*Asks:* 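Got a structure for you, written out below as structure tokens; questions coming shortly.
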There are 2 protein chains.
Amino acid sequence: MTSQPGFGDTLLGLAALIQRRHIQICAEHDLTPAQSQLLCTLREGPRRMADLAAILGMAKPALSQLVDRIETRGLVRRTASEPDRRVVTLEATPEGIKIGRAVYEDVDARLPDVLVALAPEDQQRFAELVSAIPHIRCPST
Amino acid sequence: MTSQPGFGDTLLGLAALIQRRHIQICAEHDLTPAQSQLLCTLREGPRRMADLAAILGMAKPALSQLVDRIETRGLVRRTASEPDRRVVTLEATPEGIKIGRAVYEDVDARLPDVLVALAPEDQQRFAELVSAIPHIRCPST
DNA sequence: TATTGTTATACTCTATAACTATA
DNA sequence: TATAGTTATAGAGTATAACAATA
């Protein structure tokens, strides 16, 4: 991996830029990024806790507490699963689904704003390059 | 900003990829990302608290506490500035400078690993595009 | 009075270990 | 005994408001 000096820093700057924008957009929906990604993941259907933890890349205790906080707000609901009663299935409430879909669309529409300074054809090239990196489409897809 | 559906998600995946790698590299130096960026910023000389907060993009109380934690470990030192005694100048200790330079070089050398899956010429194009985004070279430069 | 930085307080996120309940 | 999930505990990060010291 040979690259110009300072490129590590440039990558950190890019990540920070994306995340600051993400925080802004999520805040407009009264969500933190973690809460947003949870609701986005649940927006098309229920999931087991273990699967969610893997999808979101977090440990199970962290997920339990994230769910606690957002369940209090009535956006998700835990239900014991029937065949194996150890399993907890998490589903978004109707309001949770509505918010999840809204924030997902908003992120999709407005997060690319971070690239405004690039010419349209450069934005397109950038999108193609990033999409070619494996395992990049993580949480909500 | 017109882009293919799901591109917002792709950008979030890219940011997450970069940050996971950053966390790994920092951890090998026994630092969190925030601590690392502080030491990297101080690696070439002292700074005032207010300037540091602006450079790192955090509020002053957050910086005070970050400094508290890393000062305990003997990596930075606070000194009252003379002309205006309200001002606190923060400087890295010799060990802090050593660690700051080491982690900076390591990040620069190894963070670009996240692009290994791209062909070398695509990595080069990617680097050029990212470097063209304004305000991207933030904290430690 | 305005400014620099700190303290106080609270919340979110995360990690590890110990625990409960099912299987 | 193994697994799914939770609770307990701790630490890092961040935000806001109130405060101290200095200008």
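Per chain, numbering begins at 1; letters A, B, ... match sequence-line order. All values derive from a computational prediction rather than experimental measurement.
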*Asks:* What is the distance from CE of B:M49 to P of D:dA20, rounded to the nearest Å?
*Replies:*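 B:M49 atom CE is separated from D:dA20 atom P by 19 Å.
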
*Asks:* For A:T32 and A:P61, take the nucleotide of DNA chain C holding the closest heavy atom to each; which residue's nucleotide lies nearer the 5' end?
*Replies:*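 With A:T32 and A:P61 compared, the 5'-side residue is A:T32.
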
*Asks:* Please tell me which of the listed nucleotides, C:dA15, D:dG5, C:dT9, lies nearest to the side chain of A:A59?
*Replies:* C:dA15

*Asks:* Look at the side chain of A:R85 and decide which nucleotide, out of D:dG5, C:dT14, C:dT22, has an atom nearest to it.
*Replies:* C:dT22

*Asks:* What nucleotide among D:dA23, D:dA8, C:dT4 has an atom nearest to a side-chain atom of B:D84?
*Replies:* D:dA23

*Asks:* Assign the ring pair A:F126 / B:F126 to parallel, tilted or perpendicular, where the plane angle (0 to 90°) is split at 30° and 60°.
*Replies:* parallel

*Asks:* Where is the tightest heavy-atom contact between B:A92 and B:G96, given as atom of each residue plus distance?
*Replies:* CB-C, 4.0 Å

*Asks:* Nearest-Å distance, CE (A:M58) to C1' (D:dG5)?
*Replies:*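 From A:M58 CE to D:dG5 C1': 14 Å.
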
*Asks:* Please report the closest heavy-atom contact between B:T93 and B:G74, naming both atoms and the distance.
*Replies:*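 Scanning both residues completely, I find the closest heavy atoms to be OG1-O, 2.8 Å.
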
*Asks:* Measure CG/A:D30 against P/C:dT12 and give the value in whole Å, please.
*Replies:*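 A:D30 atom CG is separated from C:dT12 atom P by 12 Å.
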
*Asks:* Nearest-Å distance, CZ (A:R48) to P (C:dA23)?
*Replies:*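 Whole-Å distance recorded here is 12 Å.
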
*Asks:* Expressed in angstrom and rounded to an integer, what is the separation of A:E71 atom CD from D:dG5 atom C1'?
*Replies:* 13 Å

*Asks:* Please give, in whole Å, the distance from D:dT14 P to B:L38 CG?
*Replies:*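 Rounding to the nearest Å, CG of B:L38 and P of D:dT14 are 11 Å apart.
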
*Asks:* How long is the line joining CG of A:L66 and C1' of C:dT14, in whole Å?
*Replies:* 11 Å

*Asks:* Can a donor-acceptor pair under 3.5 Å be found between the side-chain atoms of A:R86 and the base atoms of D:dT3?
*Replies:*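 Checked by distance alone, the answer is yes.
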
*Asks:* Look at all strands and tell whether B:P33 reaches a base, only sugar-phosphate, or nothing, counting heavy atoms closer than 4.0 Å.
*Replies:*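 Touches nothing.
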
*Asks:* Got a second to check how far B:L39's CG is from B:H29's NE2, nearest 0.5 Å?
*Replies:*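 So the gap between those two atoms works out to 11.0 Å.
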
*Asks:* Quick check for you: among C:dT4, D:dA4, D:dT7, whose closest atom lies nearest to any side-chain atom of A:K60?
*Replies:* D:dA4

*Asks:* How do B:Q35 and B:E82 order along DNA chain D: which one's closest nucleotide is nearer the 5' end?
*Replies:* B:Q35

*Asks:* With the side chain of B:A34 defined as its heavy atoms from C-beta on, choose the nearest nucleotide among C:dT7, C:dT22, D:dG13.
*Replies:* D:dG13

*Asks:* Decide, yes or no, whether a salt bridge links A:E128 with B:R125 under the criterion of side-chain N to carboxylate O below 4.0 Å.
*Replies:* no

*Asks:* Would you kindly give the CZ-to-P distance between B:R69 and C:dT6, to the nearest whole Å?
*Replies:* 13 Å

